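One structure is given here, and the rest of the page talks about it.
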Amino acid sequence: MFLVDNIQLLQLKAIPLLSAVFSSYTHHRNFLVDETVQLLWKLPFSKRAVRAYHLPDEEQIQIQMITALLIQLVQCSASIPETLRQTSSTSILDASIDASYPSICNEAATDACCLFWTRVLQRLTTVKAQDASELKVSIENLIMDLLATLNLPEYPASANILEVLCVLLLQNAGLKSKDISARTLAIDILGTIAARLKRDSAFCSRDRFWVLEEMDLTETKDVCSVCRDGKGGKLFICNSCQRVFHADCMGVKERGPPSRSWYCQFCTCQKQLFVLQSYCNSQNRDNEKNNCPGSESSSENSEPFVRLEVIQQILLNYLQEAVSTDDAHFFARWFYLCLWYKDDPKSQQKFTFYLARLKSRAILRDFGTELSSLTRDSAKRISLALGQNNSFSRGFDTILCMLLASLRENSPILRAKALRAVSIIVEADPEVLCDKRVQSAVEGRFCDSAISVREAALELVGRHIASHPDVGLQYFEKVAERVKDTGVSVRKRAIKIIRDMCTSNANFSEYTKACLEIISRISDEESSIQDLVCKTFYEFWFEEPTVVQTDFVEDGSSVPLEVAKKTEQIVQMLRRMPNHQLLVTVIRRNLSLEFSSQSAKAVGINPLSLASVRKRCELMCKRLLERILQEEETDSKEGEVRALPYVLALHAFCVVDPALCAPASDPSQFVVTLHPYLKSQVDNRAVSHLLESIIFVIDAVLPLVRKPPLSFVKELEQDLVQMIIRHSFLTVVHACIKCLCTLSKVAGKGCSIIRNLIEFYLKRLDTLTVDNKQQVGRSLFCLGLLIRFGNELMMASDDRNTHADKSLSLIKNLLFSEDFVIKVRSLQALGYVLIARPDYMLQRDVGKILEATFSPSSDARLKLQALQNMYDYLLDAESQMGTDKAGSTKASYPEERGNGVPVAAGAGDTNICGGIIQLYWDGILGRCLDMNEQVRQTALKIVEVVLRQGLVHPITCVPYLIALETDPLESNWKLSHHLLSNMNEKYPSFFESRLGDGLQMSFSFIHSMASSLEYSNQNKLLGSIKGKPDGNSVTHARVGVSRIYRVIRGNRVSRNKFMSSVVRKFDCPIPSPSQIPFLIYCTEILASLPFSSPDEPLYLIYTINRVIQVRAGSIEANMKAFSSHSLEGEDFVIPHGNGVGTIDSVPLHTSDQLMNDDAKLQPLKTADSYTILKVDLQKVQAECFAAIALQLLLKLKRHLKIVFGLNDARCQAYSPNEPLKTGETLTKQSISFNIGEMPSNLPTSQKEVLERYQEFKAALKDDTIDYAVYAANIKRKRPAPRSSKGGRSGFDDEDDDGDEDWNASYRRLSSSSRKSRGRQRL
């Protein structure tokens, strides 16, 4: 009946009938529950299931008929004795009812719920996956219906049904189940239920309904005791408590003014309870003579009623008034009384009183007491308030604790589910986030191994930052840590959360720290995060407020107060930063609005927005200048130091655009105002930073000043010269020399002052002795800078080359000084001169000096200084090119395979910079793999600039960049990876062709790092006596090469070329003991590649098989021939080409005699030696080396088949020409690759050769074992060979016979049979 549509009336009539049967016939209850479960499975599986049962609610909420039936069955399971159903009040004491009967009824209801849910959960675990998903939908529908009826007055059983479900889900049927799907469903359901409980609890805590509050008896008589307002309708005065109420406040249905004295609901119900108690006491006294069971003395019932009992009676009265056609409300009241009876510690003493409350209508009518009327909304609020005291609501903490424990599950799916469940609870009441248990669990998920879980944890906190600022402050530290997360989405979410913390709370105490965390990601490798950071600071500082600013700073400034506050925020942030470089980037990108979306850029950035940002920046610079002056006036001694952050901020704005510090009304304002600071006589580090920034601002703004006053020019020139000669900090001297040259250009005074200073330092260097290191070094420093910055002025004079030539000659002489400090200073000065005159680098003597400094044997400080000189030269040349490079077209590079350095198109022909770089390119690349970290870092920065300018062919630096991917220094491998990624996008063919060479160079780099004593003391990378890299080196290499592989993994051709180029290293390798560690290194790398599709390991196996098919047969035949001829004492002959050569023999010694570096064996005579030529021994060693290479490939192949579950049939069916299969997933087992023991030297005796042959034979036999067979027998010492079937041929019959006994002597193989058979590898 419940499955048929459009018969709702019959279904409604069937529910009370089935409920009556369920209540009266207890032995039929199991059957009815089973039938109800079957109905549940047959319901429509859509979430919009048919809901035809209307709840007695004003909103007309509907539920499924099956849900209404379940609730009524559970409520009717608390059977009411027939005597209690009679209307007569005297029947209460007539029947013999035990005092434990309400508890028995409550247990019966729990048993019915437990039976129902047990059947449901058992069915869920036995069905198929598709059916299980449909059943889950039905269960979700049922739970949603139960939650819809929860805390409604008519359905007290809903809480009991849900409580039993939660208990089962917290045990083996849910969170403790071995089935992950069952645990997932349990987390979802528990999260939904807990969220509802928390929502109801939060509502009750905020609700000012009179049931939840104690009345204030001190209120005046003309004010409502609930709303504390005398307006809003007619007031009613309670005749008992004399309190005043509005009808609406009390939730009373207004029926006009009462005809007699009026009592509030509370007093009415309190009076009713006294009447019921008096009735029970009188009945007990009458029945004491007869010793009626259940009677109690009157003294035991004379205690005053607690407030809870009065509220309960109000709800019972409401249910008695709402009389239904069936006994549903009667059973509901009895169910309530059974629940309250269970929770009442004195229930046994008041059993009769509870029965009287059930029959209160008949008793109170006899005593002339009326029931009070109550609105529907008030009844619901009372029911909700009473529901907070039951065991179901008290179980919220248990559910929450279990969900928090699920956040530590091993499966990321379960952790994500648990996090979503906690998120639903937090959505119901964000105050949950302040719970220490929740905070600890959520913050723990901030560091989860899965990116999705970390992002979900941040999302959980981020949604409630604006509405609950205290939550943001509580989680700030942990959220700030996620700004550096490896996941891009996590970093974005963390930045957005911190932004919301700052914008939602104007007085956020961690504002400065928040800005520091956000600005640290301005150099993020992800461009979208850079844009997000810039946009965030645009909203913080550079966005024009919507409201017109009319408030100005009180100190008489014309800068708006809002701009002044933003300026102070910038300065406070800058105080805690090591330098202003990050701030410069933010200002530059905001001035041009580079962070705008692509659609906005396509349309064109609004000029008004650009003008608005620029205006705000000008106002900020003006405010900074004012604050600098204020700090100076505050304290003359400390003012300069206190003004340092403001000067640094002004410096940052000036770096971006000097015009910001040159207002149109008075361009010289900033220069004239800051000039007096140069007269400071204080000489310490803080003041030097201040002076350096001030001089930079003056130097940048001077070209914008059209006609500076002559007096100002003269005074500034004198101050700069004095500081150049006397100031002790070279950074200040550097800034002064540059500013002095700029001043000479702007004032049009020529090079006289520069020439005088150059001559001064030339004479000084001639007179100073080498012993005076400090003065010589300072003079060289100043001389070089004067040549560099004054070159343009010198070139305009008559003696344009005189001073430069003299300086160069002097510097070259000092470079050969024995004092190392002077040598470094001379090299630095040489760099300054070469920047001004780059043509000097093409001279032979200068070239020899630079080549010597780039050599590996040069001191690290010299190499570092030489590289820094080259780097400064490239940056200077790049700045001079300006926008010409941006407008040039991208060069197309022809592929070159020669060893020479190809010339990039248009670079070396027209620009001297390209020719200079190509001249010293090999030395620069060599320093990329230097043992010193700073040298490598500087050389790599040069490579970055060279590639950006297109000065050399990019293919030349690919192997070096690949090697630097394994650099332990994070900044190096990040930059090299960035360059490789860009190169792969522009020139994929260059990138692919040099991957194999890069792998060879990476191994050499690791080996060189290990051999360096300085590095090995810090972190050894190679530690095996056999030459095999240890765990640390392999880890660096795996991570680095894995990053490279991810770059090319998306292109099938590229990744196949990469794997083929590495496997080719094993084909015909050069026999050398030093090559064995390299092949082991390649094997480890191939085994650790991050494959994402089955095509990748299959192609690698396919490539390995091709090498084995070509090489294995000939190698095995040659080694077999040697071993068999040697055992018979015959001459050893190795076939070459189409003929066989017979040669004289020399004795082969035992393994006690080691061969020399040339792999040549000295002839020795021993009793058991066999004769062989030295040249043939080398050939045998070559064969043994090739066998080792193939053994490594075979081990790699076996590892791939086991880890990725690839059997022979699948490997044989694979073809690289077939199109990729979409949707094919790759499964991987967590099995580490164990290379095992591999020989590190070539054989030097017959015994060793025979051992190598035996090992090679064993490896070939192992290769014939299929994956499934091998996995089953993996613990065997030697797996049995598989017979040749199914299109596969293993060893020939003679091979199998000869090697049947693994310890038997080697037998002679027929070389003809080997030639006639081939080996097919799978």
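Treat the numbers as computed from the prediction; the structure is a model and nothing was measured.
Without hydrogens or angle criteria, K566 side chain to F540 main chain gives a donor-acceptor distance under 3.5 Å. In this structure, the side chain of R196 engages the main chain of L150 through a donor-acceptor pair within 3.5 Å. Judged by distance alone, the side chain of S440 and the main-chain N or O of R437 form no donor-acceptor pair under 3.5 Å. The main-chain N or O of R445 is never found under 3.5 Å from a side-chain atom of R454 such that the two would form a donor-acceptor pair. A donor-acceptor pair under 3.5 Å is formed between the side chain of T192 and the backbone N or O of D188. Proximity of a side-chain donor or acceptor of N141 to a complementary backbone N or O of V137 within less than 3.5 Å is detected. Side-chain N or O atoms of D429 include none that pairs as donor or acceptor with a backbone N or O of K198 at under 3.5 Å. When atom types are taken as modelled, the side chain of S77 and the backbone of V74 share a donor-acceptor pair closer than 3.5 angstrom.
Nearest heavy-atom pair across R491 and V483 is CD-O, 3.2 Å. I519 approaches V533 most closely through the heavy-atom pair CA-CG1, 4.3 Å. Between P156 and A332, the shortest heavy-atom distance links the atoms CG-O, 3.8 Å. The minimum heavy-atom distance between E517 and I498, with the atom names listed, is CB-CD1, 4.4 Å. The two residues A450 and P412 come nearest to each other via the heavy atoms CB-CB, 3.9 Å. The two residues I382 and I311 come nearest to each other via the heavy atoms CG2-CG2, 3.7 Å.
Every residue two or more places apart in sequence or in another chain that forms a side chain to side chain contact (heavy atoms under 4.5 Å, CB included) with Q474 is listed here: C434, K436, Q439. Looking at residues two or more places apart in sequence or on another chain, you find a side chain to side chain contact (heavy atoms under 4.5 Å, CB included) between P545 and Q549, E562, R616. Residues meeting the ring-ring contact (aromatic ring centres under 6.0 Å, His included) test with F476, sequence neighbours left out: F508. Checked against ring-ring contact (aromatic ring centres under 6.0 Å, His included), W117 has no partners two or more places apart in sequence or in another chain. Residues passing the ring-ring contact (aromatic ring centres under 6.0 Å, His included) test with Y538 are F595, sequence neighbours excluded. The ring-ring contact (aromatic ring centres under 6.0 Å, His included) test applied to Y336 returns W340, not counting sequence neighbours.
Applying the salt bridge (Lys or Arg N to Asp or Glu O under 4.0 Å) test to every pair with at least one member in residues 174-185, sequence neighbours left out, gives these pairs: R183-E409. For residues 147-168, the pairs satisfying salt bridge (Lys or Arg N to Asp or Glu O under 4.0 Å) are E154-R376, with sequence neighbours left out. Within the structure, the side-chain hydrogen bond (donor to acceptor under 3.5 Å, both in side chains) test picks out no pair touching residues 494-508 (sequence neighbours left out). Residue pairs satisfying the ring-ring contact (aromatic ring centres under 6.0 Å, His included) criterion with at least one member in residues 156-188, sequence neighbours excluded, are absent.
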Run the side chain to side chain contact (heavy atoms under 4.5 Å, CB included) check on C204 and R381 step by step: do they pass? CA-CA 8 Å; C204 284; R381 294 166 76 177; over 6 Å; no

Please walk me through it: do V37 and R123 pass side chain to side chain contact (heavy atoms under 4.5 Å, CB included)? CA-CA 9 Å; V37 173; R123 175 65 180 273; 5.5 Å; no

Set out, in order, the CA-CA distance, both residues' side-chain angles and the distance that settles salt bridge (Lys or Arg N to Asp or Glu O under 4.0 Å) for K513 and E477, then state yes or no. CA-CA 10 Å; K513 189 174 181 180; E477 292 293 337; 2.8 Å; yes

Begin with the C-alpha distance, continue with both residues' side-chain angles, and end with the deciding distance and a verdict on side chain to side chain contact (heavy atoms under 4.5 Å, CB included) for H464 and V426. CA-CA 9 Å; H464 309 285; V426 173; 3.4 Å; yes

Passes side chain to side chain contact (heavy atoms under 4.5 Å, CB included), F537 versus I522? Steps please. CA-CA 10 Å; F537 283 111; I522 190 62; over 6 Å; no

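Once rounded to the nearest 0.5 Å, the distance linking OG1 of T585 with CZ of R589 reads 8.5 Å. Annotation: the span from C166 atom SG to Q171 atom CD amounts to 11.5 Å, rounded to 0.5 Å. To the nearest 0.5 Å, atoms CD (E140) and CG (L185) are separated by 7.0 Å. Note that CG of L55 is 5.0 Å distant from CD1 of I63, once rounded to the nearest 0.5 Å. Distance check: L165 CG to T118 OG1 gives 10.0 Å after rounding to the nearest 0.5 Å. Between the CG atom of L339 and the CG atom of L386 there is a distance of 11.0 Å, given to the nearest 0.5 Å.
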Let me check something: any side-chain donor-acceptor pairs from residues 392-407 under 3.5 Å, sequence neighbours excluded? List them with distances.
unit_1: S393; atom_1: OG; unit_2: G387; atom_2: O; d: 2.7
unit_1: S393; atom_1: OG; unit_2: N390; atom_2: OD1; d: 3.2
unit_1: R394; atom_1: NH1; unit_2: N389; atom_2: O; d: 2.3
unit_1: S406; atom_1: OG; unit_2: M402; atom_2: O; d: 3.0

Can you give me every donor-acceptor pair (side chain of residues 568-577, partner residue at least two apart or in another chain, under 3.5 Å) with its distance?
unit_1: E568; atom_1: OE1; unit_2: Y646; atom_2: OH; d: 3.2
unit_1: E568; atom_1: OE2; unit_2: R627; atom_2: NE; d: 3.0
unit_1: E568; atom_1: OE2; unit_2: Y646; atom_2: OH; d: 3.4
unit_1: Q569; atom_1: OE1; unit_2: Y511; atom_2: OH; d: 2.8
unit_1: Q569; atom_1: OE1; unit_2: W541; atom_2: NE1; d: 3.2

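Proximity of L532 to D524: side-chain heavy atoms (C-beta onward) are nowhere separated by under 4.5 Å. For the pair S489/I451, a side-chain contact is recorded, criterion being any heavy-atom separation below 4.5 Å from C-beta on.
Exactly one of T67, T149, D145 qualifies for a side chain to side chain donor-acceptor pair (under 3.5 Å) with S158. That residue is T149.
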